[in-house]
Each structure stands twice: as structure tokens, then as C-alpha cells.
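Taking it in order: structure first as C-alpha cells, then the write-up.
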2 protein chains.
Amino acid sequence: MGKRIYLNAFDMNTVGHQSPGLWSHPEDQSERYRDLDYWVELARLLEKGKFDGIFLADVLGFYDVHNGSKNAAVEQAVQAPANDPLLLISAMANATEHLGFGLTYSLTYEQPYMLARRFSTLDHLTKGRIAWNIVSSYLESAAKNFGLEGQIPHDKRYDIADEFLDVTYKLWEGSWEDDAVVRDKERKVYTDPSKVHDINHEGEFFKVPGAHLCEPSPQRTPVLYQAGASPRGREFAAKHAECVFTAGPTANIVKKGVADLRERTKNHGRNPEDVIVYTVFTPIVGKTEEEAQKKYEEIKSYVSYEGALALLSGWTGIDFSGYDPDQTLEYIESNAIQSAVEVFTKADPNHKWTVRELATFVGIGGRGPVAVGSPEQIADQLEYWVEETGVDGFNLAYTLAPGSFEDFVELVIPILQERGLVQTDYEEGTYREKLYGKGQNHLKESHPGFAYKNLYQQVKGV
Amino acid sequence: MGKRIYLNAFDMNTVGHQSPGLWSHPEDQSERYRDLDYWVELARLLEKGKFDGIFLADVLGFYDVHNGSKNAAVEQAVQAPANDPLLLISAMANATEHLGFGLTYSLTYEQPYMLARRFSTLDHLTKGRIAWNIVSSYLESAAKNFGLEGQIPHDKRYDIADEFLDVTYKLWEGSWEDDAVVRDKERKVYTDPSKVHDINHEGEFFKVPGAHLCEPSPQRTPVLYQAGASPRGREFAAKHAECVFTAGPTANIVKKGVADLRERTKNHGRNPEDVIVYTVFTPIVGKTEEEAQKKYEEIKSYVSYEGALALLSGWTGIDFSGYDPDQTLEYIESNAIQSAVEVFTKADPNHKWTVRELATFVGIGGRGPVAVGSPEQIADQLEYWVEETGVDGFNLAYTLAPGSFEDFVELVIPILQERGLVQTDYEEGTYREKLYGKGQNHLKESHPGFAYKNLYQQVKGV
């Protein structure tokens, strides 16, 4: 097998993740998100399909831009209600051996001392299968519920994020030396206290004097994901991320993003190939092309127009409620809207999209390609995207939960395996070892977090 | 069966909870706290023994008063390292059906909007088996790592806690009406948005305008535990707590505490019997009295003197490092120390305790009675404590993990069951139903949180 394709299931601890209205489809079970069995079954299914991981999104507020209200999002369960993703993990980890867990967790409303403990705890309990998708929340409604007057300005959020990561690197990498914990029952020493260091962090935004509360976990720093799309976000990803999650409706858009990211990564003194890039992809698969097309038409009929607009308005910050559903987008004069929808309409530049068509496109997972076809056609599409864009893998979105993943595991995985494009079994080891090879439990030397290793060691190199 | 005794296992996501040095005993497995299997096995054991719940303590800093350093605590693994307790729950819940989970979680360093989501998520995933032990952290070392100059003054912490609970009651009880979520696939309505309300909270310490992120969980508000020992803490418990965790080395001390608490509860317009009081109790059981005594002597020999002083100094705020281990406590002139140790020495007022003896007493779980004996003798002791003090149950501390719990389930539980003192099987239902009876999923009408139910309902009583 040459360069293999990495596969994550893209999901969220909510009813309808990226397919507004599909919760009402008779086969959809996503309302079972409240039930541990649902998640345990899903984790086992994904491990059966040798998925690399499950990637869980998160939001901390409601989508309330559309019509200036959360009503459409609440009615159609568009990422609302939204439960905490971290609290699902120990049950899924206990039911699996290899599946990785990519967890979206905002640093905007949390102290680094606490966040570091949460991820160390999970990394211990999963024996090193944890990744953190670093986000600084984008919803105004979230900021207000955490006592802020409004959102922190975008670039300042990234300055805070940079210092936040400094603190967590100090805690994860520097505070406890590798041989601090000895667990010596004879000598009656659990930990050598001379090897546990206060980090004495005093920065612009944070002041953290003490030592990390947790002993070193298998990976120390969790695998770091990032998904920033702005220039400042890409810079941040190029510096810190080991995995990047990108999205775009055409191969050409994604290709440009990947190239830009790898270039920036190089400028940070890192090997551009050390950043593993995933793009979102929604497969609608049938045993035959006809069956897939039929399924696609049926799925489209369940998309909620209002729910899709709630999602789109939340993402773009633009209220679409004032427009006629059949109005074509070219007649919408606002430049802001033009620029917001550009990314979607580029999927087919010759077509005159109406607001309703755009909503439908968004409603079936369309922040990226929606591929409809036979198992072979889906496999072809995945191959095409890897070759065209330079991505390393996919976050596979569902239209029906867990049906979309069941179809994919049953029908598409065997073909990808036959073609030698995905793994047929797991490598042993931690999430980071599975990405970078045996022995690479901790950050690579070229990663900026590596510099914090042994930072506080009192006698160096002796 | 008359009034039954409630039993919790008292534990923490750490190596040595309340028995410093015992981690080095050959049979102790508490270093497996990093391993999910350890917790799943423990949960199954407790459910086999029909324990009502597991009660997990937590700290957010190191015990660093002793010698002005965290070294003794770190070396002897005295509640250090300390991992997050909430992240254990889904695995334990998935392996059990009835066991309740009492989770200590400090509100001092968390926003109510986030905490409410965490507990709602857990209440959903466990189908209503969650309790929150409300604490405002007492360790100076914790405060500093969350960016504060030092601890918030004690009484102000309780003022903040009062408003914090107001916010969470609004989110848990008021924000989503009982019939807001309809999940109507035919009508394509998941939630009726007119029944999901912004809480518009503007108080002295918190400003939370929005609606709760989670749909109503089985219990809405988790069962509320509190363990405050100060007058202000008792007032807080009398107002908010459904379960209270108390500690004292003699029946007489505990009895006075229980009477005071029930009196205060009555003053808040609540039935004093609606507060279920647990006291800490450390059983050391053998098949015979002789075997138990032998075990006790062996356990004592593993107590870490320095570790015990680290724990004692952390609890009392007094540095014991300057004293000769064989100095009797009466010769320690500081009034502060006298008052701090009084609660311990009252266990036997005629004995002249040395510092070493006090440390040993603390080192085997002695914040309360340590009972050594045959299964019958332990059962007698438990009966005696209930009759003498008016408590309703016990948080059973371990000296050896999980051995202490294995012994108790194997040897003591059958005798307690024979005597009709503990349940022989679980009642169906949520944690709160198990405490208060069938149908009582939500807060009782006399509880202050009940007033927030339907607070935002737009047409009342129509």
C-alpha cells in the first residue's frame, strides 16, 4: 500500500449534525444521541470498518442569525440541543481498542489548567487515542452566555489561543519529566518530586504558576487538529496543527487551500507532509448508481429549508430570511452575501443557484462534495479528491445516522481496501503512532511544542 | 425493611484517596486509576453489592501546606496526580444499570452555562443516575492556577455559589418546558421553539441571557450533594442540598451536626427528613475479629507519615512539619493547631495523642470512624452510628483499593441484608426516585429549585 487515505466519521453530540431535517427520515436514529448504546454501537461499527477515528464537532450556542432568532434551529434540531462531546468518550473507548477520538473543544471559555487536565485524563483512559480539535468559538450567542459583551475580535482570539497553547505545552510536555513517576512499592516512592516542576507561566492573558495535576499520559500532548480557514487561522494551523480539517465544494478550492497550508507549514520549519489534511465529504451510496440516485432524491425531500438556512446563516453571519426562496443568488445585491455564497456556488459556476437550491445543497452536508453513486463510484470520487487536491483523508459526514456509516462500512470500505487505499487492519499504538509511525508517541522534534519537553529539568544533559 | 441505610463507595480519580502510603501495599491496585477496566470492574462490584452509588471526590490543586511544598504529597501520591472525575462516568454507566454517580465538581472556576451542560449531558447518558456534589474549592494552590491572586474569601464563595445555582436552576428547570421536545417525524417538528426560553439572567456575578443548550434530562437538576461544615456552608446545604456528606470522628460530634442541619433545613421550609445525610466510615473487616486486627496492624504499617501530614496540613491549613513526631498534641501551644486537631482528638479525649499517632489515624482514612472487626462487628458499628447520630447512610472509604470494597461486598453486605438494613435489590428509576420514591424524578416542591420550573412559561395555567 502506498500513501493511504485516512478516514474519520464526522459527527456531533446532537440530533442533526450537518443535515437539517433528515432527523425526520424514518431510518434516521440521531435522536438516540442521548443514549450511550447509540455511541457504543457506532464506535464498534467504525472500528469494524477500520476507520482511523471519529471526529466530533461542537458548538456552545444556538444558530440564531436566521430571522434574528434561534427558532428555526431549535425546531429542526440544527445542532440544537448540543450536548458535551468529551463525556461520551470513556464508554466508546471501553468498547473499542484502536479507534481514535478527535474532540472539538473551545479554548475561549476555559482555563488552560483545566483543559489540560481534561485531555490528559482522556489520554490516560483511552491509552493514547485522543486528539483535540482546537477552536475558538465563532457564535455570538455563545460568547454572551459566558458573561462576555460579545465575541472577542477574531485576531485577538488567535493571540489568546497561541498563549493558551504555550501554557498547555508547559503542562503537558514540561511539568512532569519522563521518569518522574516510578511507582516503586519497595522504596515507597510513587513520584520523584524533584522531577515535577511548577511551570511559572506569566503571560499577557494567563498566569499559571503550578505543576500539571496529571502524570504524563501516553501521548502527553493530544494529537492536535485545527480547522481555521482565515489567513490568521491558517498561520495558527501551520504552526500548531498535526491534522487539519478543511472544507470546500470543489477540488480546485481545496487544492489551493492545501497548497497554501503546506507552504505555511514549511515556513514554520516543519515538514509540510507532517500535517495530515482531511476534507469533508458526504457519500450517498447505493448498491447500484440507480439505487444511490433514488436514495439521494429521497434524502433531498427531507431537507428542511428553514433548518438549512439557519445553519448557513450561522456559518456566514448573514440572515437569509428576507429572500424569496426562488430568487437566484445573482440578484442578491449585497456584496457580503455574494462573498459568503461564492464558496458554495463555485461547486457549479455555470448554474444560476436559487436560495432554495443553496439551502438544499447545504442541507445534505454540502460544505464539501456530496458524492452520489455505486460503491465503485464513491471510491473513484475519493481517489479523485486525494489525487487532485493533495489531501490525506476525509471527515465523512452523514445524511442518515448511523445508516450512512453502515452503508459506507458495508459497501465502500471493502473496495477501498481491495484497491489498497485504506488500511485493512490497525497498527498497534497510540493515535500519534498510527499517524506518524511506531515510537512517535509524543510531538515530533520539529513541532513547536517539543521545545517545552524538559524545559524545567534542573540538570540538563548530565 | 424499615428505614434503610444508604451506602456509597467513597473514591477519587487518583492513586491514594484518603490512605496515604497504602498505595505501596502489595494488594493495593489504586495506581490503576488510569485504566478504564479498573473503574468498570469497580462499578460492577458495587452494583453486585447493591451499593446506592459511588461518590467521587476531587481537588484542583496540590496539598502544599506541609513544609510549604507539594513534595510530600507528590512523592506519596496523596491525591496527586488527580484526574478529572466526570470523564470516567460514561464507561461505568455503560457497564451498570442502577449504580448512582455522585460527582464532586467545583463551581469556583467554571461558568454556570458550561457546568449545566456537562451535568445535563451526563444525566442523559446515565438515564438519570447523576448527582453533583457542589463545592467551592478550598486549596490556595488551585486558585492561583486559575489566574486568581488567591482564594476568594470563604463567605463570598458561598454568595457566588448561591447565584451560580440560581443560574443553573433557570437552565435546568426553567428554560425548556416539559413538552417542548416532541420529536414528531410526521409534522417535522423536533422541538416547539415557543417552549424553549432564554433565561435572561443578570446578577451580581453572572450574566447569562440564553437558553440551555440541552433538552431536559431525566432528572433535569442532578441530585444535589453538599458537604459544607462551616455555619455558612450548613446554611447553603440546608437550602440547596438533597444529600449531605458530613464527617466526624465520634458519634456525638456527628449527631450534633446532623441535628443542626435538620433544624436549619426546617427553617428553610423543607422537611428535615428530605435531606439524606451520609457520614464517612472506614471499615477494616476480616472473617474473624483476629483476622481484622491483623489486617489493621498491617495496614497501619504502610501508612506514610509524611503523606498523612501532607493531607492533614492541606485540610487544616496548618503546617505540621515543625513538630517532633513524638510530641504530644497538648504541648503544641498554637491555638490554631489545638482547634484544628480537636476534631480528631475527640475520638478519644483521654488519650494523649502524639503527632505521629494523629498522622497514623488520618492515614487510614480517619476523618471519621475506622471500624476494625468481624463482619458482624462492622454491621453492629454501622447500626450503632445510624441509631446514635441520625445519619441515613455512609460514604465508605477504602484503605486498600479495590480490596476494601471487595471485602465489604463479600462479607458485610450479606449480613446487613439479612438484618434488613440495606436493600437486597434496586428499585427501578432515576437516582432521585431511588432516594425519594417512584415518580420523584425532579426536585421536590419544597426545594428552592422547584420555583424555577415553568418560570418562563408564557401562558401560565391556561
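Note that the structure is a prediction, hence the values are computed from the model and not measured. In what follows, chains are A, B, ... by sequence order, proteins preceding strands, each numbered from 1. The basis for the numbers below is simple: all heavy atoms, side chains too, and nothing from hydrogens, waters or symmetry mates.
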- Greatest number of heavy atom pairs closer than 4.5 Å to chain A - which of B:Leu86, B:Leu213, B:Val15: B:Leu213

- Query: Given the options B:Asp84, B:Asn94, B:Ile89, which has more heavy-atom pairs under 4.5 Å with chain A than any of the others?
  - Reply: B:Asp84

Structural part of [X] lying under 4.5 Å from a heavy atom of chain B:
| X | result |
| --- | --- |
| A:Glu186 | neither |
| A:His25 | backbone |
| A:Pro26 | backbone |
| A:Leu88 | both |
| A:Val181 | neither |
| A:Ala211 | both |
| A:Phe206 | neither |
| A:Leu60 | both |

- Message: Taking every non-hydrogen pair under 4.5 Å, which of A:Val167, A:Asp37, A:Leu36, A:Val196 racks up the most with chain B?
- Response: A:Leu36

- Do you know which of A:Ala77, A:Pro209, A:Gly210 has the most heavy-atom pairs under 4.5 Å to chain B? A:Pro209

[X] and [Y]: which non-hydrogen atoms are nearest, and at how many Å?
| X | Y | value |
| --- | --- | --- |
| B:Asn13 | A:Thr121 | ND2-CG2, 4.0 Å |
| B:Glu75 | A:Lys188 | OE1-O, 4.5 Å |
| A:Ala91 | B:Ser90 | N-OG, 2.9 Å |

- Message: Angle between ring planes, A:His124 versus B:Tyr33, binned at 30° and 60°: parallel, tilted or perpendicular?
- Response: tilted

